[in-house]
Peer 1: 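Quick one: the structure is below, questions incoming.
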Amino acid sequence: MNSDTDNNGNDDMDKTHLATPKHTPQLDAFRQVVESRRSVRRFTDTPIPDEVMAECLRLAMLAPNSSNLQPWEFYVIDSDHKRKKAIKNCMGQNAAKTSARLIAVVARTDIWHDHAQQILREYPDKPVPKKVIDYYTKVVALDFLRGPANVVSAAKWSATQVFRRAKGPIKSPYYTFEDVKNWATNNTALAAENLMLALRAHGFDSCPMGGFDEPAMKRLLGLGDEHHIVMMIGAGERADNGIYNSQFRFNQDQFVHYV
């Protein structure tokens with residue numbers, strides 16, 4: 001069967017499902033969203049409707065993530081009291097001060113076990129396949145467990161070295177707290193990018209901010225040691241003076257290597 005007709009001669013049967021060099025129905029819209037996304041520093045007074053914010057967050061959480069463990073949280077700071085303090089914690093940046101919504105994007109390093117169990121409870125295909133049960137009860141646990149004083153990590157390190165010498169490549173498990181933190185923040189950053197692109201697709205803009213007082217922000221939001229604020233995002237409608245500089249990037253050849 002070709003991509004133009006089915007066995008009954010119906011045209012375009014596969015075109016909604018299969019991209020080909022001549023059929024890329026989402027490409028222009030995707031380009032427009034990505035190319036028009038800018039880090040906007042000033043916003044208008046136009047609010048972001050609750051239903052739009054909720055939809056953008058839903059799309060954010062469709063981001064790819066390791067083993068579907070979803071180690072993220074999003075704190076939309078709407079109360080006047082907390083918003084005022086959050087803006088101060090963001091050093092009074094215009095992107096925070098003028099935003100319609102201010103969002104803390106948070107990575108969690110303490111929820112992998114609970115989420116692994118939740119996946120098995122909510123797995124859409126019933127009965128849950130044995131290989132899925134084994135993966136989340138055995139493989140995931142082995143990957144993350146470190147034990148008191150990292151005693152399990154030491155054993156995992158030794159076993160990994162033996163496996164590599166005997167059988168070849170193996171994924172490195174997480175040996176330290178920093179390994180788990182990197183895992184959680186990497187996955188959460190993917191969701192943050194989805195959120196910013198979703199806002200742009202809805203006609204709004206955003207600014208990811210790394211310049212904030214994390215300990216003060218965590219106290220404001222009631223977060224603990226296992227919460228890590230990856231970024232603050234100011235969102236709203238782009239003001240005429242909202243973009244400070246022309247967009248440019250270095251030449252692609254500087255960064256892309258075909259090996």
Side-chain angles (χ1 to χ4, degrees), residues 54-76 103-198 208 210 214-215 217-219 221-233 259:
E55 172 64 4
C56 289
L57 289 165
R58 185 188 73 82
L59 293 171
M61 289 183 282
L62 290 178
N65 65 99
S66 177
S67 298
N68 202 28
L69 290 171
Q70 306 170 57
W72 48 51
E73 288 182 341
F74 301 84
Y75 291 78
V76 184
I103 306 140
V105 181
V106 178
R108 294 285 298 267
T109 50
D110 61 339
I111 48 72
W112 61 267
H113 183 264
D114 289 344
H115 282 194
Q117 293 181 322
Q118 185 176 352
I119 286 170
L120 294 178
R121 291 195 305 271
E122 300 181 10
Y123 201 76
D125 301 325
K126 304 294 185 183
V128 180
K130 182 179 183 301
K131 65 180 181 180
V132 174
I133 296 172
D134 289 345
Y135 180 79
Y136 284 104
T137 57
K138 299 175 182 178
V139 177
V140 168
L142 184 62
D143 209 14
F144 283 92
L145 282 176
R146 302 192 306 275
N150 279 346
V151 292
V152 176
S153 294
K156 287 196 295 187
W157 185 88
S158 297
T160 300
Q161 306 316 306
V162 170
F163 188 98
R164 284 195 175 115
R165 286 194 296 268
K167 296 188 176 182
I170 181 176
K171 175 193 173 296
S172 294
Y174 304 114
Y175 300 119
T176 67
F177 172 78
E178 287 302 317
D179 290 337
V180 180
K181 181 179 178 181
N182 287 339
W183 165 81
T185 55
N186 288 345
N187 282 275
T188 301
L190 293 172
E193 177 70 3
N194 264 28
L195 174 58
M196 290 184 282
L197 293 177
E214 185 178 14
M217 197 73 79
K218 288 173 71 171
R219 286 194 299 272
L221 300 176
L223 306 182
D225 292 339
E226 301 283 353
H227 298 74
H228 311 278
I229 304 178
V230 177
M231 67 185 74
M232 300 293 299
I233 293 179
V259 297

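Reckoned from all heavy atoms, side chains included, excluding hydrogens, waters and symmetry mates.
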Peer 1: Among V132, L142, L120, which residue meets the side chain to side chain contact (heavy atoms under 4.5 Å, CB included) test with T137?
Peer 2: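 Of all the options given, the one that passes is L120.
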Peer 1: Roughly how far, to the nearest 0.5 Å, is OG1 of T109 from CG of D179?
Peer 2: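 Reported to 0.5 Å precision, the distance equals 12.0 Å.
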Peer 1: Mind checking whether L57 and L195 have side chains closer than 4.5 Å, heavy atoms only?
Peer 2: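 Side chain of L57 against side chain of L195, heavy atoms only: contact under 4.5 Å found.
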Peer 1: Main chain of I229, side chain of K218: is a donor-acceptor contact present, judged purely on distance under 3.5 Å?
Peer 2: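 Pair absent, no side-chain N/O of K218 close to backbone of I229.
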Peer 1: Roughly how far apart are K131 NZ and D134 CG, rounded to 0.5 Å?
Peer 2: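 Taking NZ in K131 and CG in D134, the distance rounds to 11.0 Å.
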Peer 1: List the atom of P71, the atom of T188, and the distance in Å for their closest heavy-atom pair.
Peer 2: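 For P71 versus T188, the nearest heavy atoms are O-OG1, 3.2 Å.
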Peer 1: Roughly how far, to the nearest 0.5 Å, is the NZ atom of K181 from the CD atom of E226?
Peer 2: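 If we round to the nearest 0.5 Å, E226:CD and K181:NZ are 10.5 Å apart.
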Peer 1: Closest approach of L221 and A104, non-hydrogen atoms and distance?
Peer 2: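 Residues L221 and A104, closest heavy atoms: CD1-CB, 3.7 Å.
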Peer 1: For residues 123-147, which residue pairs pass the ring-ring contact (aromatic ring centres under 6.0 Å, His included) check, not counting sequence neighbours?
Peer 2: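 Matches after skipping sequence neighbours: W112-F144, F144-Y174, F144-W183.
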Peer 1: Hey, could you give me the CD/CZ distance between E214 and R219, rounded to the nearest 0.5 Å?
Peer 2: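 Reported to 0.5 Å precision, the distance equals 11.0 Å.
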Peer 1: What pair of heavy atoms forms the shortest contact from V140 to A116, and how long is it?
Peer 2: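 Heavy atoms of V140 and A116 come nearest at CG1-CB, 4.4 Å.
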Peer 1: With sequence neighbours excluded, give me every salt bridge (charged side-chain N to carboxylate O under 4.0 Å, His left out) pair touching residues 104-122.
Peer 2: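 Pairs touching residues 104-122 that pass the test: E73-R108, R108-D110.
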Peer 1: Just verifying a value: how many Å separate N194 CG and L62 CG, rounded to the nearest 0.5 Å?
Peer 2: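 Rounded to the nearest 0.5 Å, the CG-CG separation comes out at 7.0 Å.
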Peer 1: What is the minimum heavy-atom distance between L69 and I111, and which atoms define it?
Peer 2: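 Heavy-atom minimum between the residues: O-CD1, 4.0 Å.
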Peer 1: Check step by step if side-chain contact (heavy atoms from CB on, under 4.5 Å) holds for M217 and Y75.
Peer 2: CA-CA 11 Å; M217 197 73 79; Y75 291 78; over 6 Å; no
Peer 1: Minimum heavy-atom separation for V152 to L145, with atom names?
Peer 2: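 Distance-wise, the nearest heavy atoms are CG1-O, 3.6 Å.
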Peer 1: Would you name the heavy atoms of A191 and F74 that are closest together and state the gap between them?
Peer 2: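 For A191 and F74, the tightest heavy-atom pair comes out as CB-CZ, 3.8 Å.
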Peer 1: Is it the case that the side chain of N187 and the backbone of A184 share a donor-acceptor pair, with hydrogens and angles ignored and the cut-off at 3.5 Å?
Peer 2: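 Here the side-chain-to-backbone pair does not exist.
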Peer 1: Please list every donor-acceptor pair under 3.5 Å in which a side-chain atom of residues 165-173 meets a protein atom from a residue at least two apart or in another chain.
Peer 2:
unit_1, atom_1, unit_2, atom_2, d
K171, NZ, D143, OD1, 3.2
K171, NZ, D143, OD2, 3.1
S172, OG, R164, NH2, 2.7

